[in-house]
Amino acid sequence: MGVTIRKPTARQCEDCGRREVWNDATSTWRIATDDDGERLVGEVYCIHEWDINGTFVPIRRDAADA
């Protein structure tokens, strides 16, 4: 049985819209920027709600097992 565990590379707060992307070089989440270079920071007092198990599914079965 082949299963691959994936990690998200981007996330967005469901409450305030803050967007972050994963930085492999520093192994941390960094604030994302829009096309104009504006940082998408969201609200300062928000307790960010990341929808990790909603649309992102971390477990992927290998094609041989399908």
Side-chain angles (χ1 to χ4, degrees):
M1 174 180 217
V3 174
T4 302
I5 305 290
R6 302 179 309 126
K7 64 180 180 183
T9 56
R11 62 187 184 183
Q12 181 171 350
C13 177
E14 293 184 343
D15 294 329
C16 73
R18 177 187 178 105
R19 291 191 348 203
E20 297 182 348
V21 293
W22 182 254
N23 184 319
D24 282 326
T26 60
S27 296
T28 59
W29 289 100
R30 305 294 293 193
I31 298 172
T33 57
D34 63 11
D35 293 337
D36 297 329
E38 188 74 27
R39 292 169 34 124
L40 304 169
V41 297
E43 298 293 325
V44 69
Y45 295 110
C46 181
I47 300 174
H48 303 298
E49 181 67 33
W50 312 113
D51 184 29
I52 292 179
N53 290 328
T55 57
F56 179 78
V57 180
I59 299 173
R60 180 177 58 206
R61 295 192 184 277
D62 294 338
D65 295 333

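Position 1 is the first residue of the sequence, and the numbers go up from there. Please read these numbers as outputs of a predicted model, since none were measured by experiment.
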**Student:** Does the side chain of Asp34 come within less than 4.5 Å of Leu40's, by heavy atoms?
**Tutor:** yes

**Student:** Roughly how far apart are Trp50 CH2 and Trp29 CH2, rounded to 0.5 Å?
**Tutor:** 8.0 Å

**Student:** In sequence, state the C-alpha distance, the side-chain angles, and the governing distance for Cys46 and Arg18, and then conclude on side-chain contact (heavy atoms from CB on, under 4.5 Å).
**Tutor:** CA-CA 9 Å; Cys46 181; Arg18 177 187 178 105; over 6 Å; no

**Student:** Could you report the tightest heavy-atom contact between Arg39 and Ile31, atom names first, then the distance?
**Tutor:** NH2-CD1, 3.0 Å

**Student:** What residues form a side chain to side chain contact (heavy atoms under 4.5 Å, CB included) with Thr4, not counting sequence neighbours?
**Tutor:** Arg6, Arg60, Asp62

**Student:** Which value, rounded to the nearest 0.5 Å, describes the distance between Glu20 atom CD and Cys13 atom SG?
**Tutor:** 9.0 Å

**Student:** Can you list, by chain and residue number, the hydrophobic cluster partners of Val44 when the side-chain cut-off is 4.5 Å?
**Tutor:** Tyr45

**Student:** Relative to Trp22, does Arg30 satisfy both conditions: NZ or CZ under 6.0 angstrom from the six-membered ring centre, and within 45 degrees of the ring's axis?
**Tutor:** no

**Student:** Quick one: list whatever passes side chain to side chain donor-acceptor pair (under 3.5 Å) with Gln12, sequence neighbours left out.
**Tutor:** none

**Student:** Could you report the tightest heavy-atom contact between Ile59 and Ile5, atom names first, then the distance?
**Tutor:** CG1-CD1, 3.8 Å

**Student:** So, taking the atom named CG in Asp15 and the one named CD in Glu43, what distance separates them when rounded to the nearest 0.5 Å?
**Tutor:** 10.0 Å

**Student:** Treating Asn23 as the side-chain partner and Ser27 as the backbone partner, does any N or O pair qualify as donor plus acceptor under 3.5 Å?
**Tutor:** no

**Student:** Would you say that Cys16 contacts His48 through its side chain, given a criterion of any heavy-atom pair below 4.5 Å between the two side chains?
**Tutor:** yes

